[in-house]
Protein chains: 4
Amino acid sequence: MRIINASMNEFAQKGYLNASTNQIVKEAEISKGILFHYFKNKKELFLFLYDFAVDTLKEDYFGRLDTASSDIFERLRQISAYKLEILGRFPEIYNFLMAAHFEESGEVKHDIQKRDNELLQKGYGKVYENIDFSLFKEGIDIKRTIEIITWSVEGFAIREQEKLKHSDNLEQDYQNILAGFDPYLDILKKSFYK
Amino acid sequence: MRIINASMNEFAQKGYLNASTNQIVKEAEISKGILFHYFKNKKELFLFLYDFAVDTLKEDYFGRLDTASSDIFERLRQISAYKLEILGRFPEIYNFLMAAHFEESGEVKHDIQKRDNELLQKGYGKVYENIDFSLFKEGIDIKRTIEIITWSVEGFAIREQEKLKHSDNLEQDYQNILAGFDPYLDILKKSFYK
Amino acid sequence: MRIINASMNEFAQKGYLNASTNQIVKEAEISKGILFHYFKNKKELFLFLYDFAVDTLKEDYFGRLDTASSDIFERLRQISAYKLEILGRFPEIYNFLMAAHFEESGEVKHDIQKRDNELLQKGYGKVYENIDFSLFKEGIDIKRTIEIITWSVEGFAIREQEKLKHSDNLEQDYQNILAGFDPYLDILKKSFYK
Amino acid sequence: MRIINASMNEFAQKGYLNASTNQIVKEAEISKGILFHYFKNKKELFLFLYDFAVDTLKEDYFGRLDTASSDIFERLRQISAYKLEILGRFPEIYNFLMAAHFEESGEVKHDIQKRDNELLQKGYGKVYENIDFSLFKEGIDIKRTIEIITWSVEGFAIREQEKLKHSDNLEQDYQNILAGFDPYLDILKKSFYK
DNA sequence: AATGAATGAGGCTTCATTCAT
DNA sequence: AATGAATGAAGCCTCATTCAT
């Protein structure tokens, strides 16, 4: 639907408050009226898009986490590969979700965070489900170690994502990113595993 | 200056685009005219504030990095203490800088990023200046290891900052945060140092 | 018909201009199209409702005036009883008619006033038909005296109607109003009759 | 002020809700912005106009009630003369006040009624202040009799006002109205006074 | 007979900026 | 240096009405 595409782009680019419904209807080539015929107001449109985006990605992402390896580094590698694939297949949706996640506007922050928390709990729950903790060194503080691993992965992801914004050959870059990820995982593995 | 305080708060709370010059003049109890007499337009005001904030913090922050220990973990601990102290002494300035750093509005994003990059380069340069790399395990990839350490520190900082937003006893919380930081540094130290 | 009920309420509450066809179709649970299929436009709907309301009340009201007493005070008492009864049996219709009568919107004012005038002439005609004027004091200006009586009755009616808006026990209040009416009629009777 | 004139006319003609701020600025030949620079919103403009109108009339009306005769009919005659004079000197203000008094829009109804009640209490208080009730017939129910008188005066006033709307020679009509008022007062006087 | 998608003008309000004083 | 009146575009949203199905 033209509305969905246009508004996702607008929200992803400018955030909730600065996104302009005028701009959306112009980009979608629809009339002012029809936008508010389908969506009661800006907020409802935004939250609908969020739910729509989550639903679209849910299968492709969570569905595939099930069969992952019990080695946490192996699993993180798989997850990263999935994420990159999704980023490639639904770039607008992914970008919108990221923007929504970091949305600061009070009007929607609360609603998004509620949805986000459920999602993250479910998501992180799956990520760290059935992990074989016996592979870690004896005596190590596993809870904090996993936090460190998580922060490292996120840090890497954010840095690489930034680079992608100006990329012109996405497919190639995805491969490079994945390849560049391994050395970091190796360091972590050697340091934290037996 | 009342203008500076009022506009910093406004920008920090609402971001660049949604900050209202009307609100600023109301809060600063000045006239519309004088604001645009001193600052040609909203953008110039914003960038002035950024430079002002950076200048204010520069001394307190960078000035003290010089004498820091050559043990990277010791140094990171000191830096974190400095940051928390600054956050306590200039909360508005700190908040404004953070908001400016994550500002997404196209109109100022470019200018801020340019300044940010210089700052970060200088900042990170100092953070990792004169570090004694011989303390690290033999054969470890030092560059990437330091990145992992950085991401971990940042991850911790972001998580704790989120908590601070709803705090009512800041001084006490600062101490708790610093105390809570050590276990993570310990894990990293044991894993990466000889 | 659901359309009639819904639109009467809407017009009665908000007046002609602010009544919303959107609200009407929502309340009537019909589609936008069918409303404008039956009624060319808002104005036609409004005027139809008016005629419908008048037709509905005509019988119940005018029909019963015929057999009334020739004593004007007795007749006014009966009329008031009828009015109250109608107000109780068709409150929406009555309210709509009142609102329509005082409608100020230029678009329909003219049409309503034309209908209103005919109605009033016919109505007042009947009210004062076959009245026994010989009961009045000699020498009194009967035309003006009857005007005074009319204004008094209307003044009383308006005041009591205002009270009814916040009533929770209508049936009881109707009785009280009728009972409270008599002292006024007595005063008028004693003053104007022989 | 052009704003005051233009908005009074607009509100008087169309009521609160249907009055258009666009129409006001067009008629006043000002910009959209300046209207909302002076008045925070439509409601505040409306209530300001109300207070302004009341203040303007207060002196001319209430100020002169003081020295009135203690004969209620004489006093009513004077009041009517004052009202007509005011209607002639400030027709827009008078019309606006009448419209505001009958305003039904929920948004302002409450505020207007609060102000109205104070005004009416003060107004009616003065009207019936120091009236010589000993002039009434013995045994008559004075409270209700005065209500009847009031309703009669109001009924007459409303009827005559309606006529004035289409008048082209106001001054002459005022005289005619006042002259036409006397016969009614005479009837009431003869009937209710000793 | 009935639906609801579609339109675009108009609703109130806020905006950054200018300018005469 | 300082005021605040003035502008008009743009903000979100609602409106009555039309039309293809």
Side-chain angles (χ1 to χ4, degrees), chain A residues 1-3 14 16-26 28-46 107, chain B residues 3 10 14 16-26 28-46 107, chain C residues 1-3 7 14 16-26 28-46 107, chain D residues 1-3 14 16-26 28-46 107:
Chain A
M1 180 88 77
R2 292 207 303 280
I3 296 184
K14 308 195 191 165
Y16 176 73
L17 268 174
N18 296 117
S20 157
T21 55
N22 280 347
Q23 188 55 37
I24 289 171
V25 301
K26 202 184 291 173
E29 291 176 0
I30 56 170
S31 76
K32 212 76 215 282
I34 198 61
L35 178 65
F36 290 96
H37 176 67
Y38 286 122
F39 303 99
K40 193 164 85 228
N41 51 36
K42 196 182 176 181
K43 180 178 175 179
E44 196 169 87
L45 167 61
F46 185 78
E107 217 172 330
Chain B
I3 296 185
E10 180 76 2
K14 308 194 190 164
Y16 176 73
L17 264 173
N18 289 111
S20 158
T21 55
N22 284 344
Q23 189 57 37
I24 289 171
V25 301
K26 203 182 291 171
E29 292 176 2
I30 56 168
S31 77
K32 213 79 206 283
I34 199 62
L35 178 66
F36 287 93
H37 176 70
Y38 285 126
F39 304 99
K40 194 170 78 210
N41 52 35
K42 197 181 178 182
K43 181 177 174 181
E44 195 168 89
L45 167 61
F46 184 79
E107 216 172 332
Chain C
M1 180 84 80
R2 292 204 304 280
I3 297 184
S7 36
K14 309 194 191 165
Y16 176 73
L17 264 174
N18 289 112
S20 158
T21 55
N22 283 344
Q23 189 57 38
I24 289 171
V25 300
K26 204 182 290 174
E29 292 175 3
I30 56 168
S31 75
K32 213 79 207 283
I34 199 63
L35 179 66
F36 286 94
H37 176 71
Y38 285 126
F39 304 99
K40 193 170 78 210
N41 52 35
K42 197 179 176 182
K43 181 177 176 181
E44 195 168 88
L45 166 63
F46 185 78
E107 216 172 330
Chain D
M1 179 87 79
R2 292 207 304 280
I3 296 185
K14 308 196 190 165
Y16 177 72
L17 268 175
N18 296 117
S20 158
T21 54
N22 280 347
Q23 188 55 38
I24 289 172
V25 301
K26 201 183 293 174
E29 290 177 2
I30 56 171
S31 75
K32 211 77 213 283
I34 198 61
L35 178 64
F36 289 95
H37 177 68
Y38 286 122
F39 304 98
K40 192 165 85 228
N41 50 37
K42 196 181 177 182
K43 180 177 175 180
E44 196 168 87
L45 167 61
F46 185 79
E107 217 172 331

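Each chain gets a letter, A, B and so on, in the order its sequence line appears, and its residues count up from 1. When reading the values below, keep in mind they use all heavy atoms of this one structure, side chains included, and skip hydrogens, waters and symmetry mates.
Here the C1' atom of nucleotide E:dC12 and the CD1 atom of D:I34 are 17 Å apart, to the nearest Å. In this structure, B:E10 places its CD atom 12 Å from C1' of E:dC15, rounding to the nearest Å. Here F:dG4 presents its P atom at 12 Å from CD of B:E29, a figure rounded to the nearest Å. One interatomic measurement links the two molecules: CZ of B:F39 to P of E:dT18, which rounds to 15 Å at whole-angstrom precision. Counting to the nearest Å, the P atom of E:dA16 and the CD atom of B:E44 are 16 Å from each other. One interatomic measurement links the two molecules: NZ of A:K43 to P of F:dC12, which rounds to 16 Å at whole-angstrom precision. Atom CD of D:E107 is separated from atom P of E:dG11 by 15 Å (rounded to the nearest Å). The distance between atom NZ of C:K26 and atom C1' of E:dT3, rounded to the nearest whole Å, is 17 Å.
Applying the side-chain contact (heavy atoms from CB on, under 4.5 Å) test between D:S20 and each of D:L17, D:N18, D:N22 identifies D:N22 as the sole match.
For B:K32 and E:dT17, a side-chain-to-base donor-acceptor distance below 3.5 Å is present, hydrogens and geometry of angles not being considered.
Residue whose closest nucleotide on DNA chain F sits further toward the 5' end, between B:I30 and C:A19: B:I30. With the nearest nucleotide of DNA chain F identified for both A:K42 and C:G33, A:K42 has the one nearer the 5' end.
Close to F:dA6, at under 4.0 Å from its OP1 or OP2, lies a side-chain N or O of D:Y38. Distances shown here put a side-chain N or O of A:T21 below 4.0 Å from the OP1 or OP2 atom of F:dC12. Distances shown here put every side-chain N or O of A:H37 at or beyond 4.0 Å from the OP1 or OP2 atom of E:dA6.
Across all strands shown, F:dA2 is found opposite E:dT21 as a Watson-Crick or G-U wobble partner, with both distances under 3.5 Å.
Across A:F36 and A:K42, no two heavy atoms sit closer than the pair CE2-N, 4.2 Å. Of all the heavy atoms in B:V25 and B:S31, the pair that sits closest is CG1-O, 3.9 Å.
In this structure, B:T21 and B:L45 have side chains that are not in contact, with every pair of non-hydrogen atoms separated by 4.5 Å or more.
Residue D:F36 has its side chain nearest to E:dC12 when only F:dT18, F:dG4, E:dC12 are considered.
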When you look at A:K14 and A:Q23, which way does the side chain to side chain contact (heavy atoms under 4.5 Å, CB included) test go after all the steps?
-> CA-CA 11 Å; A:K14 308 195 191 165; A:Q23 188 55 37; 4.1 Å; yes
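Residue C:S20 is in sugar-phosphate contact alone, with no base atom involved, counting any heavy-atom pair closer than 4.0 Å across all strands shown. Residue contacts shown for C:N22 include a base, since a base heavy atom lies under 4.0 Å away.
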